[in-house]
Amino acid sequence: MSTIEFKQISKVYADHTAVAPFDLTIADGEFLVLVGPSGCGKTTTLRMLSGLEMPSSGQIFIDGKEITHVEPKDRDIAMVFQNYALYPHMTVYENMAYALKLRKVDKKTIQTTVNKTAAMLDLQKLLDRYPRQLSGGQQQRVALGRAIVRKPKVFLMDEPLSNLDAKLRVQTRTELIQLHNRLNATIVYVTHDQIEAMTMGTRIVLMKDGIIQQIGTPMELYRKP
Ligand code: ADP
Ligand code: ADP
């Protein structure tokens, strides 16, 4: 279970408001998409949820527990970025195993977890390769795998498909939807791409100039012009 609650969360920089105060509850298992033009406050919102950015006001709760000031590493949240940020000197296996090693998970469990995740993402044959020996789409899957092995309650994704070519983007979109169904996880996903939002989101938050304009399912938003 992982319900996320934002209460009057905002972010003000010295001379401007990046995100105006808002309330939002994200239910367990949602695929919530934050969508809007560049600079509208999507990434800032995501970074406040991850703990990489402190809000100027308000509180954030996960399952009723306040996490507003909890360290990122203690939030049970995994982030997937657009630039993958894989460790270049580690193999695919090591990239996926790394977070578990840090948490002192035993070797046998690490092997089982990494192999299971690799199978889910069709990466079994690539485990001994280095990131530079992979295509963009394969690197993207490793980045996902690295997040999945930790079994976080919540996945945050910031434009994770933006470095892929059009064909791969469509394919990975489908894979992400399937993955969401299989993992039963809560996903908060940032994109500027309306089609991506409409095809992937179970609910969509439309932002503009730091303000939430609309919230609804793709069908609800489609009906409103
Ligand atoms: P988006 O992800 O929708 O493109 P961001 O959340 O990155 O938007 O940015 C929202 C606004 O906050 C923008 O006007 C951006 O310039 C500003 N901003 C983001 N980070 C900082 C920062 N560290 N200092 C000052 N302004 C920032
Ligand atoms: P170490 O830090 O001990 O060198 P590694 O991260 O290289 O450990 O490997 C940890 C364990 O995972 C080892 O038991 C290793 O045999 C196993 N391992 C490494 N690569 C793979 C792989 N591609 N497939 C399955 N197991 C692997």
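Hydrogens, waters and symmetry mates are skipped; everything else that's a heavy atom, side chains included, is used. We count ligands from 1, going down the list as the structure has it; atoms in each ligand are counted the same way. Bear in mind the structure is a predicted one, so any value in this text is a computation, not a measurement.
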Subject >> More than 12 heavy atoms from other groups under 6.0 Å of CD on Q133 >> reply: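 Counting other residues, nucleotides and ligands, CD of Q133 exceeds 12 neighbours.
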Non-hydrogen atoms of [X] versus ligand 1: any pair closer than 4.0 Å?
| X | result |
| --- | --- |
| G210 | no |
| H16 | yes |
| G39 | yes |

I need the nearest protein heavy-atom contact for [atom]: residue, atom name and distance, please.
| atom | answer |
| --- | --- |
| atom 8 (O) of ligand 1 | G41 N, 3.2 Å |
| atom 19 (C) of ligand 1 | Y13 CE1, 3.7 Å |
| atom 7 (O) of ligand 1 | T43 CB, 3.7 Å |
| atom 9 (O) of ligand 1 | T44 OG1, 3.7 Å |

Original post:
For T45 and ligand 1, does the shortest N/O to N/O distance drop below 3.5 Å?
Top reply: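 No, no N or O pair falls under 3.5 Å.
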Subject >> S38, A18, A14: member with heavy atom nearest to atom 12 (O) of ligand 1 >> reply: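 Checking each option, the heavy atom nearest atom 12 (O) of ligand 1 is found in A18.
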Subject >> Reference residue F6; test side-chain contact (heavy atoms from CB on, under 4.5 Å); the match among T25, I26, D23 >> reply: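 So, applying the side-chain contact (heavy atoms from CB on, under 4.5 Å) to F6 and each of T25, I26, D23, only I26 qualifies.
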Original post:
Which of these passes side-chain contact (heavy atoms from CB on, under 4.5 Å) with L156: L52, T45, V188?
Top reply: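 Going through L52, T45, V188 one by one, the side-chain contact (heavy atoms from CB on, under 4.5 Å) with L156 is satisfied by V188 alone.
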Original post:
Passes side chain to side chain contact (heavy atoms under 4.5 Å, CB included), V205 versus F22? Steps please.
Top reply: CA-CA 11 Å; V205 174; F22 70 97; over 6 Å; no
Any idea which atoms of ligand 1 are less than 4.0 Å away from a heavy-atom of [X]?
| X | value |
| --- | --- |
| K42 | 1 (P), 2 (O), 3 (O), 4 (O), 6 (O), 8 (O) |
| P37 | 3 (O) |
| C40 | 1 (P), 3 (O), 8 (O) |

Original post:
Any luck finding a side-chain donor-acceptor pair between S56 and S10 under 3.5 Å?
Top reply: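 Not at all, the side chains of S56 and S10 share no donor-acceptor pair under 3.5 Å.
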**OP:** Pick out which of E5, K7, E66 makes a side chain to side chain donor-acceptor pair (under 3.5 Å) with Q59.
**Re:**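 Testing Q59 for a side chain to side chain donor-acceptor pair (under 3.5 Å) against E5, K7, E66 leaves exactly one candidate, E66.
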